[in-house]
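Keep in mind that the numbers below use all heavy atoms, side chains included, and drop hydrogens, waters and symmetry copies. Below, read A as the first sequence line, B as the second, and so on, with proteins coming before strands; counting in each chain starts at 1.
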Amino acid sequence: MVITRFAPSPTGFLHVGGARTCIYNYLYSRAKGGKFLLRIEDTDRERYREEWVVGIIEGLKWLGIEWDEPEVYQSQRLEIYKKYAEMLIEKGYAYRCFCTPEELEEERKRYESIKRPYRYSRKCLNLSEREVEENLKKGKPFSIRFKIPDYEDITFNDLIHGEIKYNTKDLGGDFIIMKSDGFPTYNFAVVIDDHLMEITYVIRGDDHIANTPKQILIYRALGWEPPKFAHLPMILGPDRQKLSKRHGATSLEEFRNEGILPDALFNYLALLGWSPGGNREIVSKDEMIRIFDIKDVNKSPSVFDHQKMLWMNSEYIRMRKDEELIMELKDYNSHLKKQGMGYDIDEEFYPVLVRLFKERVKTLKDFFEYGKFVYKDEYPFDSEAVKKRLSYENIFGYLRELADRFESLNIWKSDEIERVLRGYADELGIKHAILIHAVRVSVSGTGVGPSLFHLLEELGKDRVVMRLRNVEEKVKGILQRP
RNA sequence: GGCCCCAUCGUCUAAGGGCUAGGACGCCACUCUUUCAAGGUGGAAGUGGGGGUUCGAGUCCCCCUGGGGCCGCCA
C-alpha cells in the first residue's frame, strides 16, 4: 500500500511551497488508494509556537485536505528517538559528543579562514570509555553524532530526478542526531518516524536532496529499507529566488484573507509543476485524484504567478452557485472579523453583491470593496468620474426630474427603469448615455460597474431616488476644484 | 568555496527523435456594449550558447554559461 505523509514544522505559517508538497502527497496517496498521514515536526523548541500548529492544521483543513490518522507529534516520541540513538551508539554507528556550541563555532571559523569546507573534527569520536563515563558523571551536556563512513558513494533513485549520487566525504562530517536537550534533529527523527509510520513514498521539497544520503546511512545502520523518494522542485518568487515573505503574500492565511477560494488555490498550486495534460487548466480535485502521478511532475522550479492565481480564482467564483457564494462570503467576512478586519454589512446585501459582482470580481474581498456603495449610504466619489459625467449642462436638474419619475413608478424592475430613463432622455433630446453615466456616478460614486438598470433595481427605489436628489450637494466640492 | 539540482514565449506548461514548436495567464488590437468586467476574433512573444550522435535533435551525450538549493545542537 502507498502511504505518504506531510511533515511540516510549526515554526511559521504554512507556506504555499509546503502546501503544494502536501497537495502532491495527498493526491498521490488518493490516486493509489493508499493512506495519507500528517506529522508535526516540533523538535525545535526555540522556534516552536503552539499557534503555528493550530494554524497549519486549520490551513490544511481549509484547503480541503484530510489525513487518515490522528496527527503524529514528534515532541511526544522522545523516548523512541532516544532508544534508537542509544542502539546506534551500541552498534558503533554513533557516539556522544561533548563539544560545546562555542567550541564548534570556533572550529567552523578555523575552516572558513583556510577556505576549506567544514567537517566536524571528530574530537569526541575517540574519547575513551572512561572519559565518556567521567563526562557523564559530571553531568556534562552532550549531543549524539552519527558517524559517517569516510569515503563511500551513496546513490538513490529519485522518482523525479532519477539517479542521484553523493560521496560521504561531501556530507559535512559526522552530524548530530540527538541534541543536548534530548530532542532529535530533523535528519534522525525523519528516518525513525517514516519507518515506524511505514511511509512508502517520501515526497518533499528539493531542498532536502542533500539530506537524503545522510538519512539513507541511518536506514542502513538500523537495517531498515528506505522508502522511495521524490523531490519536488522549489517554488520561486518573481526574482527567481526561493519564495519567501519578502515576495508578498506566501502563506495560506494571507491568501485566505485576500479572498482566494480554497479549491482555486488547490487547483493553481497543483498545476504549478504538474500538468494534467490535454491543455486544461481548471481541474477538479476528483479529476486530479484520477489522473495524478509523480511521474508527471516537472523537475524544474517554477515561479509563483499571483496574477494567474487571481484569474483562476475568478473562474472558480463564476462557477460557484449563488447560494454557495453567499455562504462563503459570510464565512469569509466572519473570518476577517475575527482579526478585526471584517466589513460592516447587513445580511440582506449578500445576495445583492453576488448578483451584481459575481461576473466581475477576482477575489471574495472584491465583492465587499466594489460593493461598498451597495451596503453603505456613505460612499466615496471618484473625482475623475464626477468631472467627466456630472459636468453636463443642467445635469442635476435632469437627475432630480428623473428621481421624481422613478419615485412614481409602481413596478421597480430593470426594464421599467430602463424605459423611463430612456424615455426621458428622448424627451430631452440628449443621448441616453449622458443620463446613464450620470446616474451611475450618482448612485455608486464610480464610473464603472454592473449593468446600470440591474444595479438600480438591486439598489431599490428609495435609495436610488434619494441618491439622485442628494448628489449635487455631495459632489459640489469636487466640481469646484480645478 | 565544496557538493547537488535545474534550463521551451515575461510566467505556468505541452510536444515520450519526424509539426508551422501547441495551450493557459498576462499584454496588444478588434468585436459586443450604457461603463467595467466577462465573452468572441486576431496578434506579438520561446527551445541560453557551443560541440557531437543521427537521414533527421526542443527531445540523446559532452562542455560552457546562467539560475537555484544545501553545507546548523533549523527543518
Side-chain angles (χ1 to χ4, degrees), chain A residues 7-12 41-44 46-47 97 99-101 104-105 108 111-112 115-119 141-145 158 160-161 164-167 169-173 175-187 189-190 204-213 231 233-234 236 238 240-242 268 271-282 298-312 314-315 318 357-362 370 385 389 418 421-422 431-441 444 446-453 455:
Chain A
S9 75
T11 53
E41 308 221 321
D42 51 353
T43 54
D44 182 350
E46 305 250 318
R47 294 192 296 161
C97 172
C99 295
T100 64
L104 296 172
E105 187 52 36
R108 213 167 277 124
Y111 273 84
E112 186 139 338
K115 289 194 162 64
R116 283 252 181 263
Y118 174 66
R119 295 168 69 180
F142 65 91
S143 58
I144 299 177
R145 283 184 187 270
D158 188 278
I160 291 170
H161 296 280
I164 297 177
K165 187 155 87 176
Y166 273 90
N167 191 287
K169 76 175 160 50
D170 299 315
L171 262 29
F175 59 97
I176 290 173
I177 56 175
M178 291 294 282
K179 308 182 226 178
S180 55
D181 63 1
F183 280 68
T185 59
Y186 166 74
N187 278 125
V190 77
R204 77 229 301 192
D206 242 351
D207 46 348
H208 286 298
I209 288 184
N211 286 321
T212 308
H231 287 99
M234 306 264 83
L236 310 177
R240 298 217 145 255
Q241 304 279 314
K242 192 176 175 178
Y268 176 72
L271 263 66
L272 200 57
W274 169 70
S275 169
N279 283 339
R280 287 180 306 161
E281 302 288 333
I282 307 293
N298 269 78
K299 350 185 194 195
S300 51
S302 35
V303 173
F304 188 87
D305 185 349
H306 200 93
Q307 276 200 91
K308 185 158 183 177
M309 181 193 63
L310 287 177
W311 164 78
M312 192 165 279
S314 68
E315 293 287 313
R318 255 173 253 134
F357 296 105
K358 185 180 176 182
E359 304 293 325
R360 57 200 81 224
V361 297
K362 286 193 156 57
Y370 295 176
R389 303 302 189 186
E418 178 166 8
L421 185 145
R422 289 193 192 274
K431 281 199 200 159
H432 299 175
I434 302 275
L435 274 188
I436 288 172
H437 288 132
V439 171
R440 175 191 300 288
V441 174
S444 73
T446 163
V448 300
S451 164
L452 181 72
F453 305 111
L455 174 60

To the nearest 0.5 Å, tell me how far A:Arg108 CZ sits from A:Arg119 CZ. 14.5 Å
Taking only the side-chain heavy atoms of A:Arg440 (C-beta and beyond), determine which of B:rG39, B:rA75, B:rU34 contains the nearest atom. B:rU34
With 3.5 Å as the limit, what N/O pairs link the protein to nucleotides 4-8 of chain B?
{"from": "B:rC4", "atom 1": "O4'", "to": "A:Tyr166", "atom 2": "OH", "distance (Å)": "3.3"}
{"from": "B:rC4", "atom 1": "O2'", "to": "A:Tyr166", "atom 2": "OH", "distance (Å)": "3.2"}
{"from": "B:rC5", "atom 1": "O3'", "to": "A:His161", "atom 2": "ND1", "distance (Å)": "2.9"}
{"from": "B:rC6", "atom 1": "OP1", "to": "A:His161", "atom 2": "ND1", "distance (Å)": "3.2"}

Could you tell me which nucleotide pairs with B:rA45 by Watson-Crick or G-U wobble geometry, both distances under 3.5 Å, or answer none if nothing does? none
Classify the nucleic acid contact of A:Glu281 as base, sugar-phosphate or nothing, counting any heavy atom under 4.0 Å across all strands shown. base
Choosing from B:rA37, B:rA14, B:rG26, which nucleotide comes nearest the side chain of A:Ser275? B:rA14
What's the CG-P distance between A:Leu236 and B:rG66, to the nearest Å? 18 Å
Between the base of B:rU34 and the side chain of A:Ser451, is there a donor-acceptor distance below 3.5 Å? yes
Between B:rG23 and B:rA14, how far apart are the two C1' atoms, rounded to whole Å? 7 Å
With both distances under 3.5 Å as the test, what is the Watson-Crick or G-U wobble partner of B:rA24? B:rU11
For A:Arg204, is there any backbone N or O sitting under 3.5 Å from a side-chain donor or acceptor partner on A:His208? no
Regarding A:Ser9 and A:Thr11, do their side chains bring together a donor and an acceptor under 3.5 Å, going by distance alone? yes
Going by atom types alone, do A:Tyr268 and A:His306 pair a side-chain donor with an acceptor below 3.5 Å? no
Counter-base of B:rG18, judged by Watson-Crick or G-U geometry with both distances under 3.5 Å: B:rC55
Roughly how many Å apart are B:rA37 and B:rG46, using the P atom of each and rounding to a whole number? 28 Å
Could you tell me the Watson-Crick or G-U partner of B:rC74, where both distances fall under 3.5 Å? Say none if there is no partner. none
Can you tell me, in whole Å, how much space there is between the C1' of B:rA24 and that of B:rU8? 15 Å
Side chain of A:His208 (C-beta onward), nearest among B:rA38, B:rC73, B:rA75: B:rA75
As its Watson-Crick or G-U partner within any shown strand, both distances under 3.5 Å, B:rG66 has B:rC6
Do A:Ser180 and B:rC73 have a side chain to base donor-acceptor pair shorter than 3.5 Å? yes
Where do A:Ser451 and A:Arg440 land on the side-chain hydrogen bond (donor to acceptor under 3.5 Å, both in side chains) test, with the steps shown first? CA-CA 9 Å; A:Ser451 164; A:Arg440 175 191 300 288; over 6 Å; no
